[in-house]
Amino acid sequence: QKEVEQDPGPLSVPEGAIVSLNCTYSNSAFQYFMWYRQYSRKGPELLMYTYSSGNKEDGRFTAQVDKSSKYISLFIRDSQPSDSATYLCAMSVYGNKLVFGAGTILRVKS
Amino acid sequence: EAGVAQSPRYKIIEKRQSVAFWCNPISGHATLYWYQQILGQGPKLLIQFQNNGVVDDSQLPKDRFSAERLKGVDSTLKIQPAKLEDSAVYLCASSKTGIDNSPLHFGNGTRLTVT
């Protein structure tokens, strides 16, 4: 079993839809949770960073962490074609030793 | 600020050949990382430097991979000899520190194809 599981998709939605992306994990010691966005042939860029459980909102993006269920989510409101990318969840026990999910491919159709 | 620079962008070699990748991190970033991203997978940490010292190389295949960060700035990752399964994108990242809440900034990677 992988430490971090993420549905690879692809997930295809119409423009303006609310998108929900999810990861599950097995290591209960993870306490730092991140979402990265990766465009084709580019490096990942950090979108959201959350420590421990709870919600964090930044513009159209909301990150949720439920440590009791070992489940994290990223919601994108009013999705745009420019949001089309691969979304990677990542987490760590301490420091910057990140364990990444495999990534979910998102396609937003105009 | 200038981002993380990597070169070359693409490299095609035959198995058993050697190859080297170069990374220049963001100025002032003490911590440098090399990740391997195989197609359809998330990045996997190969090695982490703090200044010019190695912090973590537990997932680096040391029989064929080596990395150095001379003078605590630029870094080079080498593979010798390459195997087919080394085909991947090699990502370099840097952060101000190696502790929590110091975000990683990634370069655009070097895409290696081993034939």
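Throughout, protein chains are lettered first and strands after them, A, B, ... in sequence-line order, and every chain is numbered starting at 1.
Heavy atoms only, all atoms of each residue included: B:Arg9 and A:Arg41 are closest at NH2-O, 3.0 Å.
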Side-chain donor/acceptor pairs under 3.5 Å, residues 98-110 of chain A, sequence neighbours excluded:
residue  : atom : partner : partner atom : Å
A:Thr104 : OG1  : A:Gln6  : NE2          : 3.4
A:Thr104 : OG1  : A:Asp7  : O            : 2.4

N/O donor-acceptor pairs under 3.5 Å from side chains in residues 72-79 of chain B, not counting sequence neighbours:
residue : atom : partner : partner atom : Å
B:Asp74 : OD1  : B:Asn24 : ND2          : 2.4
B:Asp74 : OD2  : B:Trp22 : NE1          : 3.1
B:Ser75 : OG   : B:Trp34 : NE1          : 2.9
B:Ser75 : OG   : B:Glu68 : O            : 2.9

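Residue contact with chain B, scored on non-hydrogen atoms closer than 4.5 Å, is absent for A:Tyr51. In this structure, chain A has no heavy atom under 4.5 Å from any part of B:Gln6. The contact between A:Pro44 and chain B is made by backbone and side chain atoms together, counting heavy-atom distances below 4.5 Å.
The number of heavy atoms from other shown groups lying within 6.0 Å of CG (A:Leu46) is above 12. Within a 6.0 Å radius of NZ in B:Lys11, other residues, nucleotides and ligands contribute 12 heavy atoms or fewer.
Follow the hydrophobic side-chain contacts under 4.5 Å out from B:Leu112 and you never reach B:Val4; the two are in separate clusters. At a threshold of 4.5 Å between side-chain heavy atoms, the hydrophobic network of Ile, Leu, Val, Met, Phe, Trp and Tyr places A:Leu21 and A:Val65 in one connected group. When the side chains of ILVMFWY residues are joined at heavy-atom separations under 4.5 Å, either directly or via intervening members, B:Tyr90 and B:Leu84 end up in a single hydrophobic cluster. By the criterion of side-chain heavy atoms lying less than 4.5 angstrom apart, applied directly or through intervening Ile, Leu, Val, Met, Phe, Trp or Tyr residues, A:Tyr71 is not grouped with A:Phe75; the two fall into different hydrophobic clusters. Tracing side-chain contacts under 4.5 Å through hydrophobic residues (I, L, V, M, F, W, Y), one reaches A:Val13 starting from A:Phe61; they form part of the same cluster.
Between the A:Asn96 side chain and the B:Pro103 main chain, no donor and acceptor come within less than 3.5 Å of each other.
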What's the verdict on side chain to side chain contact (heavy atoms under 4.5 Å, CB included) for B:His105 and A:Glu45, showing C-alpha distance, side-chain angles and the deciding distance? CA-CA 7 Å; B:His105 298 262; A:Glu45 57 178 326; over 6 Å; no
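The stretch residues 55-64 of chain B places B:Asp56, B:Ser58 near chain A, each with some heavy atom under 4.5 Å from a heavy atom of that chain. When the heavy atoms of residues 38-51 of chain B are compared with those of chain A, the residues falling under 4.5 Å are B:Gly40, B:Gln41, B:Gly42, B:Pro43, B:Leu45, listed by number.
Interatomic distance, NZ of A:Lys42 versus CZ of B:Phe106, reported as 15.0 Å (0.5 Å rounding). Atoms CG and OH, from B:Leu104 and A:Tyr49 in turn, are 10.0 Å apart once rounded to the nearest 0.5 Å.
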